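Inspection log for the structure reproduced underneath, given as structure tokens.
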Amino acid sequence: MSNATEVHEISQGETIDGFLVGECIHQSQVSSLYRVTHPEHNEAMIMKVPKISVLLPSSVFAGFETEIRILSRLRGAYTPRVYAKGDLSTCPYLVMEYVEGDLLQQAVRNAPVELEQLCQLMRPVCRAVHELHRHNIIHLDLKPENIRNRDDGHVVVIDMGTAHHAQLPDMYSVTDEQQPFTVDYVAPEQLFGIRTDSRSDIYAIGVMLYELATGKGPFEKANLLTVKTRLYIPPKPPRCINKDIPEWLQEVILKCMEINPENRYSTAKEVAYALAHPNMVELTERATKKHSAGPFAILQNWLRHRESMFVKASRLQPYHRLTTAQHILVTVKLDHSSEELRQSLRKEMQKIARQETDSYFTCLSVVAKEATGDAEDISDFITQSQPRHIQVQAELRHWLEPVKLPQSRLNVQVIYGDPATEIVNYANTFAIDHIIMCAHRSGSGKKVIGQVPEKIIAEVNCSVTVVRTRLDYPEQ
Amino acid sequence: MKIAIISDIHSNLEALQACLQKAASLGVDQYACLGDVVGYGPDPAETLETIRALPKLVIVRGNHEEALFGTYYKGLREHIRATIDWTREQLSTEQREYLKNLPYQTSLAEFHLVHASAKNPQKWPYVYDTELARDCMQASDRRLTFLGHTHYPEVYYEGPSGEVLCHTPQAGVSIPIYTSSRYVINVGSVGQPRDDNNAASFVVYNSAEKDVTFHRVPYDFSITAKKIIDRGLPQLFAERLATGN
């Protein structure tokens, strides 16, 4: 602010634009958080008020403006909803939803946590981060304190003050030494001032997974003096600390925390998917690492991981990076499709797999409940359902063999239930980018694509390709 | 209030009309023109009259207006000088008088308007890097300055550390104007874009939201190009409308 004396700093007891300023719930060097009420809003709300002082660096106010501008552009699904903002030059404030839950912070305090709890906690976090990236926003300060939960458990990411929006002027340059970060969670490239790589957030996700799995931080006693050691010393393998951690989880954590961003997961939703489908995780030498890196490996890293490596890492806006690692859902109903139709479906998969080399596929077959056998009572149903499930998986794998995709790019799933409902749920849960499905021609020829595809097309939040066989042309 | 800021129209009536149509659809209340209404293009008189008719118009002088009358003319290359001579003939005495009296720069409540730079505007310097943008920022009497002249849409702004940074804007994305920062915004060119994008460029400042949005408007440049050739103006001026550089 150019002239601090003209700016009003709000305090407890005042009424500003109808908001009654209540108890101060948090004070930091740069801002205060007050509970507020308003006669027209019943929701729990907080008011963030920046500290107005000529002694504070101007980045403080810029951070506050960034937060307002970014939150105002989002609809508040994964970020706090914005209710009001004050004139920034006279009475700056931001009233937003108060998201009280701190499940992740509590879990980290009580870590190590059970595997199931870890997955349940972190999958929605990854999904929320994915949604930020989809809006071209890189958070750059992800940590348990910034992950909150609504009453229904829904994850909300807070504190956008240091975030980068790829389509807007960024307040920090590469050489800027005022760039803020949290030493425990900062990605190596951020130490060189690089703020444009969405995989910096993947690194922070890796650190949180590490803490939950081991109860310790990956870099003990991280501080401003030691923070740069992460440029060449990889974290101690989590299984060295907690032997109960499965290999696949160590693989996921260490992949998130790769020093070179090019070697990490491309997208946060891939991490969410891995946490939901451990079988899909391709185990590399990361999974079985038993020791911290030796002096030779550290020296090698030190020589290799120079600033140029981070600068060279592919620069893509977050949204475009998401499109390079598309998750394709292929839906198949084996007993209702002709060989010709299946062949068309495989061709479509091969085409995408070739063009989009980072894409990965889930082949999903939904078995209707009534199709699980002629069960007369519930025990028959249970005993028959299991083999059916395995049989369909085996058939799918056999059928998909000619597509020649490695295990890491192809998962096969069989789900029981109503096909359209289950496919829609699956696509929305895992943020599927594209669905390829078959259209079965009905005997009458009246239905254009069939009820199931119609419902899926209407209800999913992604593109859908409908594969069909061609009819013979009628004679002219 | 929404204010459309146009610059470097260069007698391109088709590009101007396309931009004005877009601006009207966005509910623009006021117009500002940063000069170079004429030069290069085939319709100087019609372009000028269209601009003069815009609501609450604020307009400053460009180097091509200056070339019609001043000493700036002598420093120009021959083919540009020939076009300036031709342009002068197309304008009425009253129109010439109007252009002659335009100021080099002016300020509204929230921003400053100039064709080239707020530093030495009468010398027509080009603001094409962060150092030149800083000079302009320091000479400007507002935190937000709009300019043209280079035909490149750019946003120069001051980071919290005081360093001037540059951002290449994306059309249709609103750019917040921070209270804590200073800005020099090049609005690009309506009539002769040079950033490898042949669509006409202009910006809209929204004073309620405190943001600026760049707009790129495609138009049928072949009509303008044909007129340039038909009127015996240099072919190069027709060609660059197609390539946008």
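The basis for the numbers below is simple: all heavy atoms, side chains too, and nothing from hydrogens, waters or symmetry mates. Just so it is clear: chains get the letters A, B, ... in the order the sequence lines come, proteins before strands, and each one is counted from 1. Please read these numbers as outputs of a predicted model, since none were measured by experiment.
- No donor-acceptor pair closer than 3.5 Å links the side chain of A:Q167 to the backbone N or O of B:V173.
- Crowding of A:Q12 atom CD: a count of heavy atoms from other residues, nucleotides or ligands under 6.0 Å exceeding 12.
- Counting non-hydrogen atoms of neighbouring residues, nucleotides and ligands closer than 6.0 angstrom, the OH atom of B:Y128 reaches no more than 12 such neighbours.
- Only the side chain of B:Y157 comes within contact range of chain A, judged by heavy atoms closer than 4.5 Å.
- No part of B:Y156 comes within reach of chain A, as not one of its non-hydrogen atoms sits under 4.5 angstrom from that chain.
- Around atom OH of A:Y319, no more than 12 heavy atoms belonging to other residues, nucleotides or ligands sit under 6.0 Å away.
- To the nearest 0.5 Å, atom OG of residue B:S180 and atom CE of residue A:M171 are 6.0 Å apart.
- Contacts of B:T168 with chain A are absent, with no heavy-atom separation under 4.5 Å from either backbone or side chain.
- For A:D170, the parts lying under 4.5 angstrom from a heavy atom of chain B are both the backbone and the side chain.
- For the residue pair B:Y178/A:T66, the side-chain donor-acceptor check at 3.5 Å is satisfied.
- The distance from the NE2 atom of A:H165 to the CD1 atom of B:I175 is 10.5 Å, given to the nearest 0.5 Å.
- Residue-level contacts of residues 193-210 of chain B with chain A, in order of numbering, are B:E209, B:K210; threshold 4.5 Å between heavy atoms.
- Contacts of B:L165 with chain A are made by side-chain atoms alone, with heavy-atom separations under 4.5 Å and no backbone atom involved.
- Around CG of A:N461, the count of heavy atoms belonging to other residues, nucleotides or ligands within 6.0 Å does not exceed 12.
- Note that the CD1 atom of B:I177 and the CG atom of A:L88 stand 12.5 Å from one another [nearest 0.5 Å].
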